[in-house]
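Below is one structure, written out as structure tokens; comments come after it.
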Amino acid sequence: MPVLMELSYEREDPFAVKLAFYGPVGVMARWHFSRDLLLGGMNGSAGEGEVKIWPSKESSVGSALFLRLGPEECHAVLAVRRSPVSHWLAHTFTTVPLGREMAEVDWDEERRQLFRSV
């Protein structure tokens with residue numbers, strides 16, 4: 001079944017990427033996982049548990065990226081064009097370079113949130 005996938009990335013949450021899947025009736029699912037996991041899955045198999053990502057075997061422009069989302073007993077496998085995801089991911093590295101994620105965290109705000117919930 002064709003679905004629309006929206007990718008998003010925020011400087012305020014530098015380790016995560018967010019995916020939303022839309023179908024005929026609106027949002028079907030939302031997933032958040034590590035940007036490093038998506039990067040790893042671009043060129044090889046990455047992930048365990050509820051999120052696994054791997055590229056198709058062909059290396060052409062039209063190659064696919066597969067995402068398996070959900071627990072082993074009840075999951076969905078999605079195929080998306082790899083090239084647009086690769087370009088989008090590269091753009092996230094211009095927003096927050098790889099290895100600079102910790103520098104982007106507002107530690108004062110994190111501390112306030114932590115002590116607010118105690």
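FYI, the numbering just counts along the sequence from 1.
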Summary of side-chain hydrogen bond (donor to acceptor under 3.5 Å, both in side chains) pairs that have at least one residue in residues 39-49, sequence neighbours excluded: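 Sorted result for residues 39-49: N43-R82.
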Is the shortest heavy-atom distance from the side chain of [X] to the side chain of [Y] under 4.5 Å?
X: Y9; Y: H91; value: no
X: L78; Y: L69; value: yes
X: L38; Y: T92; value: no
X: M5; Y: V85; value: yes

F15: partners by ring pair (Phe, Tyr, Trp, His ring centres under 6.0 Å), with sequence neighbours left out: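 F15 satisfies ring pair (Phe, Tyr, Trp, His ring centres under 6.0 Å) with no residue once adjacent residues are dropped.
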Looking at every heavy atom in both [X] and [Y], which two are closest together, and how far apart are they?
X: R11; Y: T95; value: NH2-O, 3.1 Å
X: L89; Y: M42; value: CD2-CG, 3.9 Å
X: G40; Y: A46; value: C-CB, 3.7 Å

Rounded distance [0.5 Å steps], CD in Q113 versus CG in D108: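 If I round to the nearest 0.5 Å, the distance is 12.0 Å.
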Interatomic distance, E101 atom CD to S34 atom OG [nearest 0.5 angstrom]: 9.0 Å
Excluding sequence neighbours, so at least two apart, what forms salt bridge (charged side-chain N to carboxylate O under 4.0 Å, His left out) with [X]?
X: D106; result: none
X: E50; result: none
X: R100; result: none

Backbone N/O of I53 and side chain of R68: donor-acceptor pair under 3.5 Å: no
Shared hydrophobic cluster, L65 / L4 (ILVMFWY, side-chain heavy atoms < 4.5 Å):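 Looking at the clustering, L4 is in a separate group from L65.
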Exceeds 12 heavy-atom contacts within 6.0 angstrom, atom NE2 of H75: yes
Mutual orientation of the aromatic rings belonging to F66 and W54 [parallel < 30°, tilted 30-60°, perpendicular > 60°]: parallel
Test side chain to side chain contact (heavy atoms under 4.5 Å, CB included) applied to L7 and V17, step by step: CA-CA 7 Å; L7 293 160; V17 295; 5.6 Å; no
Please set out all donor-acceptor pairs under 3.5 angstrom arising from side-chain atoms of residues 18-32, sequence neighbours excluded.
unit_1	atom_1	unit_2	atom_2	d
K18	NZ	E10	OE1	3.4
Y22	OH	E6	OE1	3.1

